Enquirer: 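One structure is given below, represented as structure tokens, and several questions about it will come after.
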Amino acid sequence: MDKLTGCCGLDCRRCDARTATVNNDDELRDRVAKLWSELNGAEITREMINCDGCRASGRKTPFAESMCGIRKCAVGRGYMTCGECAEFETCGILSDITGNNVEALDNLRRR
């Protein structure tokens with residue numbers, strides 16, 4: 001699986017935070033920061049929207065770098081993605097993503 005598939009199976013190529021980073025697009029950073037602030041009930045600033053992907057080398061959002069429970073679990077177990085874990089189909093942590101995103105689940109099934 002390529003490095004632009006997140007630990008959770010999401011496709012980083014489709015992430016607005018990554019798009020804003022790659023294109024150095026501050027207007028998109030502002031939109032993402034506003035949306036993520038509303039969704040998470042926390043202040044997220046433009047400066048936090050810099051990410052090359054949670055498995056790619058380089059920049060990561062503060063959430064991807066140190067707060068994402070899914071990434072922490074996968075890295076802690078030595079997995080590139082959750083698809084390597086025998087429990088990924090029933091994982092309560094991962095279900096926040098895969099329960100709403102069939103593409104992410106399919107990506108993990110393909111390992």
Side-chain angles (χ1 to χ4, degrees):
M1 191 171 297
D2 73 45
K3 295 252 185 203
L4 291 178
T5 299
C7 296
C8 63
L10 288 175
D11 183 349
C12 296
R13 285 174 286 269
R14 294 183 177 194
C15 178
D16 284 341
R18 183 176 179 279
T19 300
T21 301
V22 170
N23 296 324
N24 197 26
D25 184 338
D26 284 339
E27 287 182 28
L28 182 54
R29 280 188 181 101
D30 287 339
R31 288 194 307 268
V32 171
K34 181 178 185 224
L35 175 63
W36 287 8
S37 292
E38 291 168 3
L39 290 173
N40 294 291
E43 183 180 357
I44 298 172
T45 66
R46 168 195 293 190
E47 293 75 24
M48 294 176 177
I49 307 300
N50 283 293
C51 193
D52 293 307
C54 78
R55 292 185 44 240
S57 60
R59 301 162 288 190
K60 293 175 187 21
T61 64
F63 180 79
E65 180 70 39
S66 61
M67 298 177 345
C68 177
I70 295 169
R71 183 172 183 268
K72 281 182 182 181
C73 181
V75 169
R77 293 177 178 216
Y79 299 147
M80 289 189 346
T81 72
C82 296
E84 295 177 51
C85 178
E87 301 168 26
F88 84 91
E89 298 257 6
T90 58
C91 177
I93 299 169
L94 183 60
S95 68
D96 287 345
I97 299 294
T98 57
N100 299 311
N101 191 311
V102 175
E103 180 185 10
L105 185 57
D106 288 343
N107 287 340
L108 294 174
R109 286 177 177 150
R110 282 192 285 266
R111 306 181 224 195

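Bear in mind the structure is a predicted one, so any value in this text is a computation, not a measurement.
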Enquirer: For residues L35 and I49: do they belong to one hydrophobic cluster (side chain heavy atoms under 4.5 Å, members Ile, Leu, Val, Met, Phe, Trp, Tyr)?
Expert: yes
Enquirer: Test side-chain contact (heavy atoms from CB on, under 4.5 Å) on R46 and V32 and set out the steps.
Expert: CA-CA 8 Å; R46 168 195 293 190; V32 171; over 6 Å; no
Enquirer: So how far is it from L94 CG to E87 CD, rounded to the nearest 0.5 Å?
Expert: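 Interatomic distance, L94 CG to E87 CD, rounded to 0.5 Å: 11.0 Å.
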Enquirer: Do side-chain atoms of R55 reach the backbone of M80 as a donor and acceptor pair under 3.5 angstrom?
Expert: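 Looks like yes, one N/O pair under 3.5 Å.
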Enquirer: Take a 6.0 Å sphere around CD of E27 and say whether it holds more than 12 heavy atoms from other residues, nucleotides or ligands.
Expert: no
Enquirer: Is it the case that one hydrophobic cluster holds both I70 and Y79, taking links as side-chain heavy atoms less than 4.5 Å apart, direct or via other members?
Expert: no
Enquirer: Looking at every heavy atom in both K72 and S66, which two are closest together, and how far apart are they?
Expert: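 Heavy atoms only, the tightest pair is CE-O, 2.8 Å.
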Enquirer: Which heavy atom of A33 sits nearest to which heavy atom of I44, and what is that distance?
Expert: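 Reported closest heavy-atom pair: CB-O, 3.3 Å.
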Enquirer: Are the side chain of S95 and the backbone N or O of T98 linked by a donor-acceptor pair below 3.5 Å?
Expert: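 Judged by distance alone, no pair lies under 3.5 Å.
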Enquirer: Does any non-hydrogen side-chain atom of T45 lie less than 4.5 Å from one of R29?
Expert: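 Side chain of R29 against side chain of T45, heavy atoms only: no contact under 4.5 Å found.
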Enquirer: Does the side-chain contact (heavy atoms from CB on, under 4.5 Å) test come out yes or no for C51 and R59, once each step is laid out?
Expert: CA-CA 5 Å; C51 193; R59 301 162 288 190; 5.8 Å; no
Enquirer: Do you know which two heavy atoms are closest between A104 and I97, and how far apart they sit?
Expert: CB-CG2, 3.9 Å
Enquirer: If you round to the nearest 0.5 Å, how far is CG of L108 from SG of C7?
Expert: 9.5 Å
Enquirer: Looking at every non-hydrogen atom in both residues, tell me the closest pair between C54 and C12 and how far apart they are.
Expert: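 That would be N-SG, 4.2 Å.
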Enquirer: Could you go through the side-chain contact (heavy atoms from CB on, under 4.5 Å) check for K60 and D52 one step at a time?
Expert: CA-CA 6 Å; K60 293 175 187 21; D52 293 307; over 6 Å; no
Enquirer: With clusters defined by side-chain heavy atoms of hydrophobic residues (ILVMFWY) lying less than 4.5 Å apart, directly or transitively, does F63 cluster with M48?
Expert: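 In one cluster: no.
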Enquirer: Do side-chain atoms of R77 reach the backbone of C85 as a donor and acceptor pair under 3.5 angstrom?
Expert: no
Enquirer: If we ignore hydrogens and angles and just use 3.5 Å, is the side chain of N50 paired with the main-chain N or O of E47 as donor and acceptor?
Expert: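 Indeed, once roles are kept as given, a pair shorter than 3.5 Å links the two residues.
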Enquirer: N100 side chain to D96 main-chain N or O, any donor-acceptor pair under 3.5 Å?
Expert: yes
Enquirer: Compare every heavy atom of T19 with every heavy atom of R13, then report the nearest pair and how far apart it is.
Expert: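 For R13 and T19, the tightest heavy-atom pair comes out as O-OG1, 4.1 Å.
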Enquirer: For L28, is there any backbone N or O sitting under 3.5 Å from a side-chain donor or acceptor partner on D25?
Expert: yes
Enquirer: Salt bridge between R14 and E103, side-chain N to carboxylate O under 4.0 Å?
Expert: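 Result for this pair is yes, salt bridge flagged.
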Enquirer: What are the two closest heavy atoms between T81 and T5, and how far apart are they?
Expert: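 Shortest heavy-atom separation between T81 and T5 comes out as CG2-O, 4.4 Å.
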Enquirer: Given side chains that start at C-beta, do those of L4 and R18 come closer than 4.5 Å, heavy atoms only?
Expert: yes
Enquirer: I'd like to know if I93 and L10 are part of one continuous hydrophobic network [Ile/Leu/Val/Met/Phe/Trp/Tyr, side-chain heavy atoms within less than 4.5 Å].
Expert: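 Result: yes, single cluster for both.
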